[in-house]
Amino acid sequence: MKARIRWERWGPLTLILMLGVALRVWCWVGPDMAWLSDESRFATVVKNMTNGYLPDGPTEWFGTRAVLLAPAALFMRLFGASDVSVSIWPFIGSMGAVLMAYLLGRDLANRGVGLMAAGLVAAAPIEVRLSGFLRPDAIMPAFVALSVWCALRAARSESHATRWAVGGGLALGAGWSVRESALIMAPVVIAAAWPVLRRVIVPGIIGAVSVRLTTALVWVLLGGSAMAPISSAGGELAYRNPIAAWNWSESYTSQLLHGALRPNDLLFFAGPVVVATLSVHWFREERRAILPMIWLAWAFFYLEFGTLLNVTKPYRYLTLCVIPAAILVALALDGLDVRVAVVAATVLSVWVLSSLPIRRYRSDDVVLLSRVSAQLAKLPAGPIATESYTWWTKLHIYRATSRLTVPKAEDPAFSTPARIRQLRQMTPLPLVTDARYLVTGPVHPRGGWPKNWSQYRETVPSTEGLELVADLGRAQIWRLPVTNAVAP
């Protein structure tokens, strides 16, 4: 009897969490490490941290995002540098979003709504796809949701409101240390705590600020600048007039409309579902939907207009809207069998994600590459040459034993066409003559490669006459006759 009660209480949520894990593992393709991408630069700083080098300099300003990078560095230290260790923390963050959707849906309405909201987040294509990338987009929304949930609990607690407020502040502060824009969501947290705001606003602020102050203290103890974690953003950002910069073709509204009818788009069917849901709540005058509607509206308004100040509009930012949108859909479908909604969402997600061409590269650019990396770990350290930029940059990062240089990145939105063409080229290209090993294997060119990588490939020598160090079937490691090679 007790086992049955426990299953009825926790079983459905456990199955939904298992579904989320299964979809994310199935879709995982490892980091793509595109040229000058945030992901490759984050991974570089994480590797430096595991090698004992604190982020430093204007191109590493994001190194002060402690809650984004420190856990990733810990996993890399525990499990070694690999695609898997780089992906663990965003995977946890994405699954945290599933759990938070359940808790918020349950507390705003009932357990059925919570389960349905969790199932929708577990199966959301954009969440599943980004769960394997070391970017803030898979991590920050869970901390924002945790902060909103703590604020909601504070508003409903008679004796522990202050504790919940501190918890909400800590969660928002943690989100702040993942990406600074988490603070933009503070009005939603305030709305959740509105009935007791006067009692909890100060403890909440103390909780949020304490995270950054703690980071600053740790930074000072490690020899860094106390102001770096507080000011954080920095030298690479530019600003513009958001009204003048807005245009329809690049807007999120346009992305949602265009993606609505494209089965291979991560936003497929998302726009019509959200519009229909909002219409249902408007006619029902559903009071339970007020908070998630405020949350979704504020997040979308910020993404549509606020981000124009200093960034372009990648689709990945829309993860900030997934949890409130899922809660609103679940509220609109309250009373429907949860299993029907979750199965429908899963089928749609699998349909969308199975069409992504990048999945076919996993066996080579993840599995085979991990075998190559493990074999290289047994050899004396040295620079590596390979025709695949994906392989080169991963091995360059994962096998590094000294400090890596983080290149400066510029947003193309703030550059001239000539400068954009220049930014897409890797300057300087690595020298094959400096390499100690040549790795041969499958080559899958991608759009994120440097535009001049073909020039490097032309300098890669033939394997004729080289010493074969390891034969891994579809990949081989050769020793190059270089006398001036240095460790990476």
Side-chain angles (χ1 to χ4, degrees), residues 23-44 46-47 72 75-76 79-91 94 125 128-135 138 264 266 316 353-379 383-400 404 407 424 426 429-430 432 435 437-454 456-457 460 463 469-478 488:
L23 285 172
R24 283 154 179 77
V25 171
W26 170 71
C27 186
W28 180 68
V29 294
D32 57 14
M33 299 295 188
W35 168 239
L36 291 183
S37 67
D38 287 348
E39 187 178 28
S40 64
R41 300 168 78 226
F42 292 160
T44 300
V46 166
K47 180 58 178 175
F75 289 123
M76 187 175 285
F79 304 113
S82 68
D83 287 342
V84 173
S85 62
V86 167
S87 302
I88 292 175
W89 181 225
F91 177 88
S94 182
V128 175
R129 177 77 175 98
L130 291 174
S131 65
F133 294 153
L134 183 58
R135 295 179 180 271
N264 62 341
L266 294 177
R316 64 179 184 271
L353 295 171
S354 61
S355 66
L356 297 178
I358 198 172
R359 292 183 64 250
R360 71 171 71 106
Y361 302 149
R362 180 167 56 183
S363 61
D364 292 335
D365 289 350
V366 176
V367 179
L368 182 58
L369 178 67
S370 68
R371 295 176 58 202
V372 171
S373 182
Q375 188 65 41
L376 286 168
K378 302 175 184 178
L379 303 173
I384 299 156
T386 182
E387 286 193 57
S388 169
Y389 174 77
T390 303
W391 283 34
W392 181 87
T393 192
K394 288 184 179 182
L395 293 174
H396 178 67
I397 295 172
Y398 296 160
R399 301 265 48 93
L404 294 167
R424 290 174 178 170
M426 187 177 186
L429 286 167
V432 174
Y437 302 103
L438 171 64
V439 177
T440 57
V443 179
H444 302 294
R446 302 190 188 186
W449 286 17
K451 295 301 181 183
N452 60 338
W453 187 251
S454 60
Y456 173 82
R457 294 180 64 182
V460 174
T463 58
V469 177
D471 188 349
L472 302 175
R474 287 169 53 79
Q476 295 78 34
I477 302 174
W478 310 82

Item checked: Closest non-hydrogen atom pair between V439 and V372, with its separation -> CG1-CG1, 3.8 Å
Notebook entry, point to check: How many angstroms lie between atom CD1 of I397 and atom OG of S40, to the nearest 0.5 angstrom?
Noted result: 6.0 Å
Notebook entry, point to check: Taking the side chain as C-beta and beyond, is there a heavy-atom pair between P90 and E39 under 4.5 Å?
Noted result: no
Next item on the list: List the atom of I88, the atom of F79, and the distance in Å for their closest heavy-atom pair.
Entry: CD1-CD1, 3.7 Å
Note to self: On a heavy-atom basis, which atom in L134 and which in F42 lie closest, and how many Å separate them?
What the structure shows: O-CD1, 3.1 Å
Check: Are the side chain of W453 and the backbone N or O of E387 linked by a donor-acceptor pair below 3.5 Å?
Finding: yes
Check: Has the side chain of K394 got a donor or acceptor atom that lies under 3.5 Å from a matching backbone atom of D365?
Finding: yes
Checklist line | Main-chain N/O of D83 paired with S87 side-chain donor or acceptor, under 3.5 Å | finding: yes
Notebook entry, point to check: When rounded to the nearest 0.5 angstrom, what distance separates CG in N264 from OG in S354?
Noted result: 10.0 Å
Notebook entry, point to check: Side chains of H396 and L404: closer than 4.5 Å at any heavy-atom pair?
Noted result: yes
Note to self: For the CZ atom of R371 and the CG atom of L376, what is their distance to the nearest 0.5 Å?
What the structure shows: 12.5 Å
Check: Under 3.5 Å, side chain of S131 to main-chain N/O of V128, donor-acceptor pair present?
Finding: yes
Next item on the list: Measure the spacing between CZ of F133 and CZ of R316 and express it to the nearest 0.5 Å.
Entry: 10.0 Å
Note to self: Could you check whether any side-chain N or O of R129 sits under 3.5 Å from a backbone N or O of C27, counting only pairs where one atom can act as donor and the other as acceptor?
What the structure shows: no
Notebook entry, point to check: Would you say the side chain of W35 lies within less than 4.5 Å of the side chain of N452, judging by non-hydrogen atoms?
Noted result: no
Check: Would you say Y389 and M426 make side-chain contact, with heavy atoms under 4.5 Å?
Finding: yes
Checklist line | S85 side chain vs M76 backbone, donor-acceptor pair below 3.5 Å | finding: no
Next item on the list: Dump the intermediate steps for side chain to side chain donor-acceptor pair (under 3.5 Å) on W449 and S454, then the final yes or no.
Entry: CA-CA 10 Å; W449 286 17; S454 60; over 6 Å; no
Next item on the list: Please report the shortest heavy-atom distance between S37 and R135, naming the atom on each side.
Entry: CB-NH2, 3.9 Å
Notebook entry, point to check: Can you check whether Y361 reaches P442 side chain to side chain, under 4.5 Å on heavy atoms?
Noted result: no
Next item on the list: Return the minimal non-hydrogen interatomic distance between Y456 and T386, and the atom names on each side.
Entry: CE2-O, 3.3 Å
Checklist line | R362 side chain vs G30 backbone, donor-acceptor pair below 3.5 Å | finding: no
Checklist line | Gap separating the CD atom of Q476 from the OG1 atom of T463, nearest 0.5 angstrom | finding: 8.0 Å
Check: Should L266 and L353 count as side-chain neighbours, where that means a heavy-atom distance under 4.5 Å?
Finding: yes
Notebook entry, point to check: Is there a donor-acceptor pair closer than 3.5 Å between any side-chain N or O of S373 and the backbone N or O of L369?
Noted result: no
Checklist line | From CE (M33) to OH (Y398), nearest 0.5 Å | finding: 3.5 Å
